[in-house]
*Asks:* 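I'd like to ask some things about the structure below.
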2 protein chains.
Amino acid sequence: MSTRTEPGPRQRLLDAAQELTYRHGMGVGVDALLKGANVARRSLYEHFGGKDGLITEVLRRSAAEDEARYRQTMDAAGPDPRTRLLAVFDRIGEIVARDDYRGCRYLAADLALADPGHPGHAVTREYREHVTALFTAELTRLGHPRPAAAAAQLLLLVDGALAAGATRPATDPAAAARELAEQVIGQAPGAR
Amino acid sequence: MSTRTEPGPRQRLLDAAQELTYRHGMGVGVDALLKGANVARRSLYEHFGGKDGLITEVLRRSAAEDEARYRQTMDAAGPDPRTRLLAVFDRIGEIVARDDYRGCRYLAADLALADPGHPGHAVTREYREHVTALFTAELTRLGHPRPAAAAAQLLLLVDGALAAGATRPATDPAAAARELAEQVIGQAPGAR
DNA sequence: ACAGCGATAGACCGACTGTTCTATCTACGA
DNA sequence: TCGTAGATAGAACAGTCGGTCTATCGCTGT
């Protein structure tokens with residue numbers, strides 16, 4: 001088994017690609033990825049079969065990370081579903097406020113990957129389903145009359161906040177989304 | 001002056017680029033644009049100075065068209081500001097339902113045009129300001145207590161609906177956004 | 001009739017795309 | 001100690017990118 005050693009080429013490649021594809025879009029050149037990871041050209045094709053394979057793997061890893069972040073954000077907010085859901089929007093507020101925020105990686109990927117058959121699309125689709133399921137679970141626990149529909153509305157607010165955060169960050173879109181989220185959640189029986 | 005004649009190379013180029021950049025993203029090649037417009041290579045550089053110039057001009061024209069469409073959608077909905085604003089979301093519902101819908105052109109442009117100094121960004125920014133102003137005007141007429149903030153929320157809902165429409169059209173995101181828009185608008189004194 | 005202008009077709013450019021290849025180096029296990 | 005696997009550097013591939021250039025065609029106004 002791997003004794004804790006310095007990250008191998010595969011790991012370095014994923015790290016570099018994760019950052020570079022976000023910062024400069026999916027159009028970054030292979031050369032830039034290799035230089036960023038300090039990795040030989042051959043290693044890329046050995047480990048991922050090509051640029052598309054690398055991108056897909058990056059999306060997969062990012063999705064897993066972000067999904068985990070959603071969970072831990074909600075867990076850190078305590079047991080109340082209402083608080084847990086609103087914490088997501090507070091978190092988004094922090095994210096879009098960072099000056100290195102460049103928009104939602106998954107939306108950008110879907111818009112940039114022209115080929116509808118690109119395996120990356122399946123990853124982003126699944127990611128959104130997982131997040132929706134996360135929301136739905138909280139809303140169900142809350143006794144919301146339409147948990148699925150409300151979860152879709154929350155995801156729409158997330159999308160909107162992330163998009164608005166990329167194009168007009170000064171307007172604090174996460175706060176605006178949070179207000180609306182309160183109303184979505186507030187339809188539950190225990191509403192104040 | 002120009003007697004009504006067949007559209008010249010400049011017009012053809014704009015038309016073709018408007019469609020191709022939307023369908024295939026900003027990454028479409030110059031050759032594809034030329035072939036799509038049936039125009040000589042030289043004409044592009046004569047009229048627009050290069051691909052970036054063409055793209056910027058396409059964004060400018062699209063923005064003017066879409067802004068006009070917002071106005072006419074609202075005008076067709078009658079004089080009541082509430083009805084006029086909600087009509088926007090009904091219209092968005094039709095747009096995202098079309099099977100050739102490929103997402104919001106302006107968001108895609110901002111995400112794809114990596115260089116923050118690209119003149120296209122100024123166009124999209126101005127476009128969003130105009131639409132926001134349109135919303136603000138209606139909300140003000142309605143006596144909304146926070147017309148600017150509410151307009152920002154409506155634009156966030158528009159962004160969210162357009163983004164969701166691109167990634168999961170089956171969920172009827174425009175309807176979900178419309179519900180929330182009603183609540184935004186409903187904060188005005190004349191609320192039912 | 002002819003000059004001039006706008007458009008056309010298409011060769012050509014260097015730079016860069018993703019990919020394949022050879023050759024060399026290094027570390028680990030038998 | 002030697003062989004092998006994995007990594008390295010880098011040449012080379014065909015293809016495409018955006019952009020420049022030459023040459024020719026066709027229309028218009030004088």
Side-chain angles (χ1 to χ4, degrees), chain A residues 1-21 23-59 108-109 112-115 117-121, chain B residues 1-59 108-109 111-115 117-121:
Chain A
M1 325 260 100
S2 66
T3 63
R4 185 68 84 92
T5 168
E6 70 139 330
R10 186 190 149 91
Q11 197 66 22
R12 272 179 288 154
L13 214 27
L14 281 173
D15 292 341
Q18 188 159 358
E19 210 229 312
L20 291 175
T21 55
R23 279 235 313 263
H24 301 110
M26 298 296 151
V28 277
V30 168
D31 289 14
L33 296 175
L34 298 175
K35 183 154 313 193
N38 253 301
V39 149
R41 207 169 193 76
R42 191 165 225 263
S43 303
L44 193 165
Y45 295 91
E46 287 286 336
H47 288 292
F48 303 100
K51 188 193 179 185
D52 282 354
L54 173 58
I55 284 185
T56 305
E57 205 52 39
V58 164
L59 284 176
L113 270 34
D115 175 17
H118 194 292
H121 293 301
Chain B
M1 345 245 89
S2 66
T3 63
R4 186 65 86 91
T5 169
E6 70 139 332
R10 187 190 150 91
Q11 197 66 21
R12 271 179 289 155
L13 214 29
L14 281 173
D15 291 341
Q18 189 159 0
E19 211 229 313
L20 291 175
T21 55
Y22 183 65
R23 280 235 315 261
H24 301 109
M26 297 296 150
V28 277
V30 168
D31 289 13
L33 296 174
L34 298 176
K35 183 155 314 193
N38 252 300
V39 150
R41 204 173 191 75
R42 192 166 227 266
S43 303
L44 193 165
Y45 294 91
E46 288 285 336
H47 287 292
F48 303 100
K51 189 193 180 185
D52 283 353
L54 173 58
I55 284 185
T56 304
E57 205 52 40
V58 164
L59 284 175
L111 293 178
L113 269 35
D115 174 17
H118 193 292
H121 292 301

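So you know, we letter chains A, B, ... as the sequences are listed, proteins then strands, and number each from 1.
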*Asks:* Quick check: closest heavy atoms across B:Met26 and B:Ala109, and the distance to 0.1 Å?
*Replies:*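 Of all heavy-atom pairs spanning B:Met26 and B:Ala109, the closest is CE-CB, 3.9 Å.
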*Asks:* Expected output is a numbered-order residue list: members of residues 16-28 of chain B with a heavy atom under 4.0 Å from any atom of DNA chain D. What is it?
*Replies:*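 Heavy-atom contacts with DNA chain D come from B:Val28.
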*Asks:* Counting the atoms with a prime plus P, OP1 and OP2 as sugar-phosphate, which does B:Arg10 contact under 4.0 Å by heavy atoms, base, sugar-phosphate, or nothing?
*Replies:*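 If one applies the 4.0 Å heavy-atom cut-off, B:Arg10 turns out to touch nothing in the nucleic acid.
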*Asks:* Let me check something: any side-chain donor-acceptor pairs from residues 39-46 of chain B under 3.5 Å, sequence neighbours excluded? List them with distances.
*Replies:*
{"unit_1": "B:Arg41", "atom_1": "NH1", "unit_2": "B:Asp31", "atom_2": "OD1", "d": "2.8"}
{"unit_1": "B:Arg41", "atom_1": "NH2", "unit_2": "B:Asp31", "atom_2": "OD1", "d": "3.1"}
{"unit_1": "B:Arg42", "atom_1": "NH1", "unit_2": "B:Glu46", "atom_2": "OE2", "d": "3.0"}

*Asks:* What is the distance, rounded to the nearest whole Å, between atom CD of A:Glu46 and atom C1' of D:dA5?
*Replies:*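 Distance, rounded to whole Å: 10 Å.
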*Asks:* Would you kindly compare A:Pro9 and B:Gly29 by the position of their nearest DNA chain D nucleotide and give the one closer to the 5′ end?
*Replies:*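 Per heavy-atom nearest nucleotide, the more 5' residue is A:Pro9.
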*Asks:* What is the first contacted nucleotide of DNA chain C and what is the last, in 5' to 3' order, if contact means an atom lying under 4.0 angstrom from a heavy atom of chain A?
*Replies:*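 It runs C:dT17 to C:dT22.
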*Asks:* Under the rule for side-chain contact (heavy atoms from CB on, under 4.5 Å), what residues qualify as partners of A:Asp52, not counting sequence neighbours?
*Replies:*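 Once residues adjacent in sequence are excluded, the partners of A:Asp52 under the side-chain contact (heavy atoms from CB on, under 4.5 Å) criterion are A:His118.
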*Asks:* Considering non-hydrogen atoms only, spot the tightest contact between B:Ala114 and A:His24 and give its length.
*Replies:*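 Residues B:Ala114 and A:His24, closest heavy atoms: CB-O, 4.4 Å.
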*Asks:* Can you name the nearest heavy-atom pair linking A:Thr56 to A:Gly120, along with the distance?
*Replies:*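 The pair with the smallest heavy-atom distance is OG1-N, 4.0 Å.
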*Asks:* Strictly distance-based, threshold 3.5 Å: is any side-chain N or O of A:His47 a donor or acceptor partner for the main-chain N or O of A:Gln11?
*Replies:*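 Checked: no pair found.
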*Asks:* Separation of A:Leu13 atom CG from D:dA7 atom P, in whole Å?
*Replies:*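 About 11 Å, once rounded to whole Å.
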*Asks:* Are the side chain of A:His121 and the backbone N or O of A:Asp115 linked by a donor-acceptor pair below 3.5 Å?
*Replies:*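 Answer holds: yes.
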*Asks:* Output the rounded distance in Å from CG (B:Asp115) to P (D:dG18).
*Replies:*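 From B:Asp115 CG to D:dG18 P: 15 Å.
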*Asks:* Which distance, rounded to the nearest 0.5 Å, do you find between the CG of B:Leu33 and the CD of B:Glu19?
*Replies:*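 Answer for the CG-CD pair, B:Leu33 versus B:Glu19, is 11.0 Å.
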*Asks:* Taking all heavy atoms of A:Ala17 and all of A:Val58, pick out the closest pair and write down the distance.
*Replies:*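 Looking at all heavy atoms of both residues, the closest pair is CB-CG2, 3.6 Å.
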*Asks:* Could you state the interatomic distance from CZ (A:Arg12) to CG (A:Leu34), rounded to the nearest 0.5 Å?
*Replies:*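 Going from the CZ atom of A:Arg12 to the CG atom of A:Leu34 covers 11.0 Å.
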*Asks:* A:Phe48: what forms a side-chain contact (heavy atoms from CB on, under 4.5 Å) with it, not counting sequence neighbours?
*Replies:*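 Counting only residues at least two positions away or on another chain, A:Phe48 forms a side-chain contact (heavy atoms from CB on, under 4.5 Å) with A:Arg10, A:Leu13, A:Leu14, A:Leu54, A:Glu57.
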*Asks:* With the threshold set at under 4.0 Å for non-hydrogen atoms, list the residues of residues 30-45 of chain A touching DNA chain D in residue-number order.
*Replies:*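 Close to the strand are A:Asn38, A:Val39, A:Ala40, A:Arg41, A:Arg42, A:Ser43.
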